[in-house]
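Just so you know, ligand 1 is whichever comes first in the structure, and atom 1 is the first atom listed for that ligand. Sequence positions, counted from 1, serve as the residue numbers for this chain.
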Amino acid sequence: MNLHEYQGKEILNSFGVRIQRGIVAQSPQEAVTAAKQLTEETGTGWHVIKAQVHAGGRGKGGGVKLAKNLQEVETIAGQIIGMNLITPQTSAEGKKVHQVLICEDVYYPGESETDEFYMSVLLNRGSGRNMIMYSTEGGMDIETVAEETPHLIFTEEIDPATGLLGFQARRVAFNLGLSGMAFKEMVKFVMALYTAYVESDSSLFEINPVLKTSDNKIMAVDAKVTIDDNALYRHKDYIDLRDIREENPIEVEAGEIGLNYVDLDGNVGCMVNGAGLAMATMDLIKQAGGEPANFLDVGGTADAARVEAAFRLILRDPSVKAILINIFGGIVRCDRVAQGVIDAYKNMGTIEVPIIVRLQGTNADIAKGLIDNSGLDVQSAVEFQEAADKVQAVLA
Ligand code: GDP
Ligand code: MN
């Protein structure tokens, strides 16, 4: 589950990680009230208005702006709320902004320079260990740093038996070129950040930038936090943090009926049981010259109701030019699935796009007979290659 910046920062703060303070606002009036409150609490005169959407690169898209007085807070909040924010990480249509975070300005001048770092905490799947990845090149796109100056990216792997050790946190601070008070602050920051990552059952923290202020405090200015869905049952208080407006509506609907659906850009819709077979089917579609329009795992119980629900989801995508159903009848019998396909088809009236059904496994022959004799415009295939050929033929 992805979180908004303001939600991620709240979680960090609850574990003692210093953050740039902010208050979320839904309207320009709320933004002004929030700015006044921040001024009272932090003494800040300037504020940063930040669009809250599930996408990075907001600054580049005009979703992060500095306001030097309350009038500017109101004007800028009014511009950002309701805008369609297009960033390097959104689709071409962009994302609608429903709320903004009003933040204290933390780039104030002081006795030393401010400095921006990059820091993330994530699982290294290769070693099976959590790691902290960090860089002196903060505020920039980390992919660019990785490409152009990979020697400026450091990693620190954590042994699960000991957790993050003090010397490791000090190494991070050292590699970031810090000394004195900023060094101590960074050690505290890294220790708290790692505790927050583990305790919140997150699968990703990305803090870009981590800021060294001009008075040598270390704080999170941005926060991208992803909570591991499989651990949400342990965090009942996080469940409300989900913002369905940020998610793909077809994927949300699929989730509600227990279907595992991922929207993709192609033209061949697919309906498969089992994630591995679904991946193989997507390869098959590509080989046949098509592009998968979705990933869809209907799971073990492909009855008529589920097949129909899946059909409806696939057909919501206007770019679908053909549908390939590829079901292996292990526990579920192929004739049941075939009947499900036929019932769903009849229930839905006419389906404009060609449908190719490959049913393999228990009672596959009976299933093929059912499809072939149904009188419906559905083509059956037994072999993988045959299915691919038929997809190719209908796309041609
Ligand atoms: P992103 O563009 O989505 O990654 O959003 P960030 O939260 O990282 O903000 C983008 C940029 O805004 C940061 O890299 C900073 O340079 C700038 N920024 C954030 N907070 C402040 C602030 O308090 N004052 C000033 N002057 N700039 C800020
Ligand atoms: Mn950022």
Task: ligand 1 contact on Thr87 by region, counting heavy-atom pairs under 4.0 Å - done: neither

- [ ] Give the ring-plane orientation class for Phe154 versus Tyr134, where under 30° counts as parallel, over 60° as perpendicular and anything between as tilted.
- [x] parallel

Open item on the list: Does Met279, at its CE atom, have more than 12 non-hydrogen atoms belonging to other residues, nucleotides or ligands within less than 6.0 Å?
Closed with: no

Task: Nearest protein heavy atom with distance in Å, relative to atom 20 (N) of ligand 1 - done: Gln20 NE2, 3.3 Å

- [ ] Give a yes or no on whether a salt bridge exists between Glu5 and Arg58, defined as a side-chain N under 4.0 angstrom from a carboxylate O.
- [x] yes

Open item on the list: Using a 4.0 Å cut-off to any heavy atom of Gly56, which atoms of ligand 1 qualify?
Closed with: 3 (O)

Task: Pairing of Arg242 and Glu247 as salt bridge, 4.0 angstrom limit - done: yes

- [ ] Taking all non-hydrogen atoms of both residues into account, name the closest pair between Val97 and Gln99 and its distance.
- [x] CG1-O, 3.4 Å

TODO: Give yes or no for whether the N/O distance cutoff of 3.5 Å, strictly under, is met between Val106 and ligand 1.
DONE: yes

TODO: Specify the protein heavy atom at minimum distance from atom 4 (O) of ligand 1: its residue, its atom name, and the distance to 0.1 Å.
DONE: Asp222 OD2, 3.1 Å

TODO: Could you tell me the residue and atom name of the protein heavy atom closest to atom 5 (O) of ligand 1, and the distance to it rounded to 0.1 Å?
DONE: Arg58 NH2, 3.1 Å

TODO: Give a yes/no verdict on whether any heavy atom in Pro209 is under 4.0 Å from an atom of ligand 1.
DONE: yes

Open item on the list: Between Glu386 and Arg358, does any side-chain N to carboxylate O distance fall below 4.0 Å?
Closed with: no

Task: Asp215 atom CG: more than 12 heavy-atom contacts under 6.0 Å - done: yes

Open item on the list: Below 4.0 Å, non-hydrogen atoms only: which portion of Val48 touches ligand 1? Side chain, backbone, both or neither.
Closed with: side chain

Task: Taking atom 28 (C) of ligand 1 as the reference point, the nearest protein heavy atom with its distance - done: Tyr107 CE1, 3.6 Å

TODO: Could you verify whether a donor N or O on one side chain and an acceptor N or O on the other, from Asp335 and Gln339, lie under 3.5 Å apart?
DONE: no

Open item on the list: List ligand 1 atoms under 4.0 Å from Glu104, heavy atoms only on the residue side.
Closed with: 23 (O)

TODO: Return yes when atom OH of Tyr108 has more than 12 non-hydrogen atoms of other residues, nucleotides or ligands closer than 6.0 Å, and no otherwise.
DONE: yes

- [ ] Give a yes or no on this: more than 12 heavy atoms of other residues, nucleotides or ligands lie within 6.0 Å of atom CG of Asp229.
- [x] yes

- [ ] Considering the heavy atoms of Gly57, write down every atom of ligand 1 situated less than 4.0 Å from one of them.
- [x] 1 (P), 2 (O), 3 (O), 4 (O)

Task: Nearest-contact summary for atom 7 (O) of ligand 1 - protein heavy atom, Å - done: Lys50 NZ, 2.6 Å

Open item on the list: For atom 2 (O) of ligand 1, what is the closest protein heavy atom, and at what distance to 0.1 Å?
Closed with: Gly59 N, 2.8 Å

Open item on the list: For atom 24 (N) of ligand 1, what is the closest protein heavy atom, and at what distance to 0.1 Å?
Closed with: Asp105 OD1, 2.6 Å

TODO: Flag Glu206 as yes if one of its N/O/S atoms falls below 2.8 Å of the Mn ion (ligand 2), otherwise no.
DONE: no

- [ ] With heavy atoms under 4.0 Å as the rule, classify the contact between Val64 and ligand 1 as side chain, backbone, both or neither.
- [x] side chain

- [ ] Can you sort out which atoms of ligand 1 are near Val221, meaning under 4.0 Å from one of its heavy atoms?
- [x] 19 (C), 20 (N)

TODO: Find, among atoms of Asp222 that are N, O or S, the one nearest to the Mn ion (ligand 2), and state its name.
DONE: OD2

- [ ] Decide whether Asp263 and Asn248 meet the rule of one side-chain donor and one side-chain acceptor closer than 3.5 Å.
- [x] yes

Task: Protein heavy-atom partner closest to atom 16 (O) of ligand 1 - residue, atom, separation in Å - done: Glu116 OE2, 3.1 Å

Open item on the list: Regarding Glu253 and Arg316, does a basic nitrogen lie under 4.0 Å from an acidic carboxylate oxygen?
Closed with: yes

